[in-house]
Amino acid sequence: MASGFIEITNKQGLSATLLPFGATLAKLTFPDKEGKNQDLVLGFNTIDEFESDTQSLGKTVGRVANRIKNSQLKFDGKEYKMTPNNGPHYLHGGPHGLGYRKWELVRHAPQSVSFSVKANEQEDGLPGDAKIDVTYTVNDRNQLIIEHHATCEIPGLLALTNHAYWNLDGSEDVKEHFLEVDSEEYVEVDETFCPTGAIRCVKGTRFDFRNGKQLKAFGESENEILDLDNDLVIARKDPPITPTSNLRFWSQKSGIELSITTSYPVIHLYASKFLDCSGKNGEHYGANKALAIEPQFHSAAPNFENFSDVSLRPGQDYCQEIVYTFSHVN
């Protein structure tokens, strides 16, 4: 790929290509069941295209990922109003969010890259400030590990995620892909796909992915555009145990499986209903072309007391991790 992209690889054929703009995962290749390398994430061929992208392909988004209801919140007794960029809501940190910033490259090793950026209220309208570091690492267990770390000097908010869109076999859409999620609850949304504040049980609903099913089962008819755009709350065991995975996503066509474990409490799933752009090699990316899998804190967390506390205060360390493991299905 063009100059400015940074590649990290392991010995088994897993390769991740990163970009300082947006601390972006621009490309992820892994051999399919026939040994042919597959690029598993949507993206673009050039840096200019990534810089003009408005649909967050592969970007690190924040300072508050996903929606803030009606573009307003209350923090430490003060009301904040942001400029809407998603209907009436404020999405992914707005037009000046982290996905639209050029991050500093602070470390580059053969299997690891770290980026850093500073953010404050004057830039994105959100309370407080933060110094944010994101590290991408590939290891010889065929894992891509994303580590989020941050500190602040002024109390504020922070809730990051990675916004890669995943398609494991290059198909026109991912309706034939299978999805399994260790989740017993989902976050209810309104007609604008913003949380209502209610957390519902997945049992008996189309949000029940506990036993694994094809994505097309989420719809009511075969040709329906899937409107999945929700948080699934990760089931936590008591006493806690290390899970095999919080989520599995796989393609029988390519034989590739992606499993995810994360320290974040929810995974937002977006089946790219509104995706419409020209991507790598001129391919058109349309509705349901990929599944954006976004481990994060609850969407609209600043608006609801029963959701995650996403405040960050001086002396606190923000430390979260997402581990993507790549393998082959039987």
Test item: [X] and [Y] side chains (from C-beta on) under 4.5 Å apart, heavy atoms:
{"X": "T60", "Y": "L25", "answer": "no"}
{"X": "S254", "Y": "K33", "answer": "no"}
{"X": "L232", "Y": "F209", "answer": "yes"}
{"X": "S116", "Y": "I132", "answer": "no"}
{"X": "I6", "Y": "T17", "answer": "no"}
{"X": "I68", "Y": "N303", "answer": "yes"}
{"X": "Q55", "Y": "L275", "answer": "yes"}
{"X": "K213", "Y": "F218", "answer": "no"}

Practice problem: Mind checking side-chain hydrogen bond (donor to acceptor under 3.5 Å, both in side chains) for D227 and listing every partner two or more places apart, or none if nothing turns up? | Solution: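 Scan of D227 (side-chain hydrogen bond (donor to acceptor under 3.5 Å, both in side chains), adjacent residues dropped) gives R206.
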
Self-check item: Residues which pass side-chain hydrogen bond (donor to acceptor under 3.5 Å, both in side chains) with S311, listed by chain and number, not counting sequence neighbours
Solution: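 Scan of S311 (side-chain hydrogen bond (donor to acceptor under 3.5 Å, both in side chains), adjacent residues dropped) gives D309.
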
Does any donor atom in the side chain of [X] or [Y] lie under 3.5 Å from an acceptor atom in the other side chain?
{"X": "Q72", "Y": "N70", "value": "no"}
{"X": "T196", "Y": "E188", "value": "yes"}
{"X": "S52", "Y": "E49", "value": "no"}
{"X": "N139", "Y": "Q111", "value": "no"}
{"X": "S114", "Y": "T135", "value": "yes"}
{"X": "E294", "Y": "N162", "value": "no"}
{"X": "T261", "Y": "N246", "value": "no"}
{"X": "H268", "Y": "D231", "value": "yes"}
{"X": "D39", "Y": "T29", "value": "no"}
{"X": "S15", "Y": "T9", "value": "no"}
{"X": "S278", "Y": "E283", "value": "no"}
{"X": "T205", "Y": "R200", "value": "no"}

Exercise. Flag the pair H163 / Y165 as yes when their ring centroid distance falls below 6.0 Å, and as no otherwise.
Key: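 Yes, ring centres under 6.0 Å apart.
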
Do the side chain of [X] and the main chain of [Y] share a donor and acceptor less than 3.5 angstrom apart?
{"X": "K59", "Y": "D53", "result": "yes"}
{"X": "T151", "Y": "D317", "result": "no"}
{"X": "H328", "Y": "P31", "result": "yes"}
{"X": "D173", "Y": "A287", "result": "no"}
{"X": "S171", "Y": "V174", "result": "no"}
{"X": "D32", "Y": "G35", "result": "yes"}

Taking atom [atom1] of [X] as the centre, does the number of heavy atoms from other residues, nucleotides or ligands within less than 6.0 Å exceed 12?
{"X": "R313", "atom1": "CZ", "value": "yes"}
{"X": "H96", "atom1": "NE2", "value": "no"}
{"X": "E172", "atom1": "CD", "value": "no"}
{"X": "K118", "atom1": "NZ", "value": "no"}
{"X": "Q122", "atom1": "CD", "value": "yes"}

Quiz item: What heavy-atom pair brings T161 and Q296 nearest, and what distance separates the two atoms?
Solution: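 Closest pair (atom of T161, atom of Q296, distance): CB-CB, 4.0 Å.
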
Quiz item: So, for P84 and S71, which heavy atoms are closest and what is the spacing to 0.1 Å?
Solution: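 In this case the closest contact between P84 and S71 is CA-OG, 3.3 Å.
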
Evaluate the ring planes of [X] and [Y], with Trp represented by its six-membered ring, and classify them as parallel (under 30°), tilted (30 to 60°) or perpendicular (over 60°).
{"X": "F50", "Y": "F44", "result": "perpendicular"}
{"X": "F326", "Y": "F30", "result": "tilted"}
{"X": "Y318", "Y": "Y264", "result": "tilted"}

Practice problem: Could you point out which residue of W250, F249, W166 forms a ring-ring contact (aromatic ring centres under 6.0 Å, His included) with H177? | Solution: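 Single ring-ring contact (aromatic ring centres under 6.0 Å, His included) partner of H177 among W250, F249, W166: F249.
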
Is the closest basic N to carboxylate O distance between [X] and [Y] below 4.0 Å?
{"X": "K253", "Y": "E176", "answer": "no"}
{"X": "R67", "Y": "D229", "answer": "yes"}
{"X": "D76", "Y": "K78", "answer": "no"}
{"X": "K69", "Y": "D190", "answer": "yes"}
{"X": "R63", "Y": "D129", "answer": "no"}

Practice problem: Applying ring-ring contact (aromatic ring centres under 6.0 Å, His included), run through F304 and H298 and close with a yes or a no. | Solution: CA-CA 9 Å; F304 300 103; H298 295 70; 10.0 Å; no

Quiz item: Is the charged tip of K273 near the ring of Y270: under 6.0 Å from the six-membered ring centre and within 45° of its axis?
Solution: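 No, a cation-pi geometry is absent between K273 and Y270.
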
Quiz item: With a distance cut-off below 6.0 Å to the six-membered ring centre and an angular limit of 45° from the axis, does K81 pair with Y90 as a cation-pi contact?
Solution: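 Not flagged: K81 not positioned over aromatic ring of Y90.
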
Exercise. Measure the CZ-OH distance between F115 and Y136 for me, rounded to the nearest 0.5 Å.
Key: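 Taking CZ in F115 and OH in Y136, the distance rounds to 7.0 Å.
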
Hydrophobic cluster membership, [X] vs [Y], 4.5 Å side-chain cutoff:
{"X": "I260", "Y": "F297", "result": "yes"}
{"X": "L57", "Y": "F274", "result": "yes"}
{"X": "L126", "Y": "Y80", "result": "yes"}

Exercise. Using salt bridge (charged side-chain N to carboxylate O under 4.0 Å, His left out) as the criterion, list what pairs up with R101, not counting sequence neighbours.
Key: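 So R101 forms a salt bridge (charged side-chain N to carboxylate O under 4.0 Å, His left out) with E123.
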
